Protein chains: 2
Amino acid sequence: MSNRRTPSARERVSLRAVAELADVSVATVSRVMSHSSHPVAEETRKRVLEAAERLGFQPNQLARALVTARSQTVGVIVHDISDPYFGELVKGLEDEIRADGYRLFVASSDRNPERELEYLRAFDAYQVDALVFAASALEDADYRREVETLVGRFESRGGITLVLSDHFAAGHRVQFDNRAATAAMVDYLVDRGHRRIGFILGPPDLTVSNHRHEGFRRALERRKLSYDPALVAEGSFSIEGGKRAAMQIVSAGEPTAIFASNDLMAIGAIRALLDNGYRVPEDVSVAGFDDMLLAEYAPVPLTTVRVPTYDIGREGAILLRRILAGEDVEDVRLVGEIVERRSVVAPPA
Amino acid sequence: MSNRRTPSARERVSLRAVAELADVSVATVSRVMSHSSHPVAEETRKRVLEAAERLGFQPNQLARALVTARSQTVGVIVHDISDPYFGELVKGLEDEIRADGYRLFVASSDRNPERELEYLRAFDAYQVDALVFAASALEDADYRREVETLVGRFESRGGITLVLSDHFAAGHRVQFDNRAATAAMVDYLVDRGHRRIGFILGPPDLTVSNHRHEGFRRALERRKLSYDPALVAEGSFSIEGGKRAAMQIVSAGEPTAIFASNDLMAIGAIRALLDNGYRVPEDVSVAGFDDMLLAEYAPVPLTTVRVPTYDIGREGAILLRRILAGEDVEDVRLVGEIVERRSVVAPPA
DNA sequence: TCGCGCACGGTAAACGATTTCTACGATCGG
DNA sequence: CCGATCGTAGAAATCGTTTACCGTGCGCGA
């Protein structure tokens, strides 16, 4: 009853305030507020709870984190939070992890190595308990090296790393085999009689693009079909890119089917084909990848590879929960499946 | 079992470690790391920087926040982060605010009052510097009262509140007049000759739904058209809801146009109409609201009201920056515009 | 020559929690 | 009847920073 400091704007309600009102020590208040195992008499507990209620006390998580060395936060890195793919994934993650009292920092790297690194450092500074790589890695040597150092540092301090994408960072992971899924779609097309299959690539600086590309080549090889560069074009994972790439392929190569390595590009391809007098799927079939919500409502309902985005997030959260609880866990593997709609049929005779 | 504290495989690198290595006091290290105005000799500074670099020192933001009472974080509440509307908005916010060193906590309330409150409390506990309501409020009395208490508490401690939606919470705001924008689309339809206009409502427990509804009624009144309940149905802001609502309206009322109060429902409506033998727009026109990325690639390219989602986020961030810098600011007002595509034409003769 | 201001650096008190250690009565087994 | 144990509560150290407050030593104007 002697402590007087500068008359701050408005007193923050701290343990001390509650302690004074309830006429107990801060230790006691802390014990009841944090459900400590240290016994507190029922009567005292009630007094404390009442005081806390009266003052609208909310324990300061920052202070708490400082001493417990657990912030109850998770940092998530995506490429673009406005992309429904990542939105779904983050949602799965959040829905599952929030029950454990964890909160999410989300950061969009915008596919920029600098920016991803900046966020990595920030998350480290904020002492997140876990780091989640929801976005594919970028193809850049300096960046890779730096990511490795940062993640190493982070883990050596007890942080945990979770990878939900084609990212090279070491750590626990929920795997989705992009190569296999891509190959499966090629098989599906070949099985239906297609021999000249166009392929629309994602941006070359994304690991996931390359993995899908590899899946495509391998499947072709396995099916004894040759890889024709004229049938391959880059579409930057965007609708516009898909339009351009589709027209390029169709004019250079006469494909009977075009396989876009994501749905956005597939939608662009369909629109471009339609606008240029091709019938889809009668003249040329189009397949996509992702199965985004609107794939079903594309100009022609899209046959595509379903990526279980929400589940990737959700499984990630479950993994996280178990790791944080100290259990031994194994990586999770999820697979895609082909969703048949109307954009793929047998090639014209 | 072993729920021990820091599994600290290695010492966390703190100011102290750096200080020891550079052979100075922690105060000095702090001063150079935080670019304090307190002078530090060039030679000393270099030694400190070197030591910090060598150890990979990253100042602990939590500790820093504790003493400065500024966490450099912002809490954002949305309904559903997988909804591109919120994705865009959050992106605008993030793109702009990150330069100032702020990080975002994002939380999806899932349109659940309890959940929104839970996040509000959590953000408070994490001492966010600002609270952003990116999602429309919910219509629930208890919840409103509680939000008011919490926000009041938050602000009395110096927190700032920003509203980017139809949310009643007091605070600075970026306004988008949903009533006016809805009315504008009605005018557009009436101007083209439509007299019997169907309307698909959003979920009734969302303030934004009611605002759009009001805009619809008012415009009808202004144009001397009567409000026919048979032409109005609820579509819960989803594709499926849009399908159902459209079929209900069309079978009960014989509209020449259907105005869905968001694009997702409009897309559902178009698909349902098409699948049931109606031609769009020849038999019935369909209008949407939002202008989401894929509106252009709907089965019939959608005529809709453009909501400048990204800009709402961006302007919000700019406002925030200025408020945090202590400037006096005024609310921002953004307006929608009608994007004409192919789903609306004059009614059949 | 004196005194003052300035550049520079250290000491220690916060910030708001958790947790270890200590204290002290009451109960209880031997 | 005494020491051990238990239930309960407070004191104080601690987490990693920032920052107010002091001390130096030095240059310089009067």
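Because only heavy atoms are used, hydrogens play no part in the values below, and waters and symmetry mates are left out as well, while side chains stay in. Letters A, B, ... are given to chains in the order of the sequence lines, protein chains preceding strands, and every chain is numbered from 1. These numbers were taken from a predicted model, which means no experiment stands behind them.
Rounded to whole angstrom, the span from the CD atom of A:Q127 across to the C1' atom of C:dG16 amounts to 16 Å. B:R70 has its CZ atom 18 Å from the C1' atom of C:dG16, to the nearest Å. The CD atom of B:E20 sits 14 Å away from the C1' atom of D:dG16 (whole-angstrom rounding). Atom CD in A:Q72 sits about 20 Å away from atom P in D:dC15, given to the nearest Å. Atom CG in A:L66 sits roughly 12 Å away from atom P in C:dG16 (whole-Å rounding). The distance between atom CG of A:L62 and atom P of D:dT18, rounded to the nearest whole Å, is 14 Å. Rounded to whole Å, atom P of D:dT17 lies 16 Å from atom CG of A:N60. Distance CD (B:Q61) to C1' (C:dC15): 15 Å, rounded to an integer number of Å.
With sequence neighbours excluded, the residues that form a side-chain contact (heavy atoms from CB on, under 4.5 Å) with B:D205 are B:P203. Checked against side chain to side chain donor-acceptor pair (under 3.5 Å), A:E116 has the following partners two or more places apart in sequence or in another chain: A:Y143, A:H167. With sequence neighbours excluded, no residue forms a side chain to side chain donor-acceptor pair (under 3.5 Å) with B:R111. Applying the side-chain contact (heavy atoms from CB on, under 4.5 Å) rule to B:R322 yields the partners B:I318, B:E327, B:V329; only residues at least two apart in sequence or on another chain are considered. Not a single side chain to side chain donor-acceptor pair (under 3.5 Å) links B:E88 to another residue, sequence neighbours left out.
Put simply, the side chain of B:D311 never gets that close to the backbone of B:R314: no donor and acceptor are under 3.5 Å apart. Listed for the B:Y126 side chain is a donor-acceptor partner under 3.5 Å among the backbone atoms of A:S71.
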Per-nucleotide protein contact along nucleotides 4-10 of chain C, 5' to 3', at a 4.0 Å heavy-atom cut-off (B base, S sugar-phosphate only, - neither), is ---SBBB
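The overall bend of the helix from C:dT1-D:dA30 to C:dG30-D:dC1, read as the angle between its terminal helix axes built from five base pairs each, is 50° when rounded to 10 degrees.
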Side-chain donor-acceptor contacts of residues 36-46 of chain A below 3.5 Å, not counting sequence neighbours, with atom names and distances?
| unit_1 | atom_1 | unit_2 | atom_2 | d |
| --- | --- | --- | --- | --- |
| A:S36 | OG | A:H38 | N | 2.9 |
| A:E43 | OE1 | A:R47 | NH1 | 3.1 |

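Base contact: B:S30 has a heavy atom under 4.0 Å from a base atom. Among the protein residues, A:S34 comes within range of the sugar-phosphate backbone only, with heavy atoms under 4.0 Å from sugar or phosphate atoms but none that close to a base.
Contacts classified as salt bridge (Lys or Arg N to Asp or Glu O under 4.0 Å) and involving residues 52-80 of chain B (residues at least two apart or in different chains) are given here: A:K91-B:D80, B:R70-B:D129.
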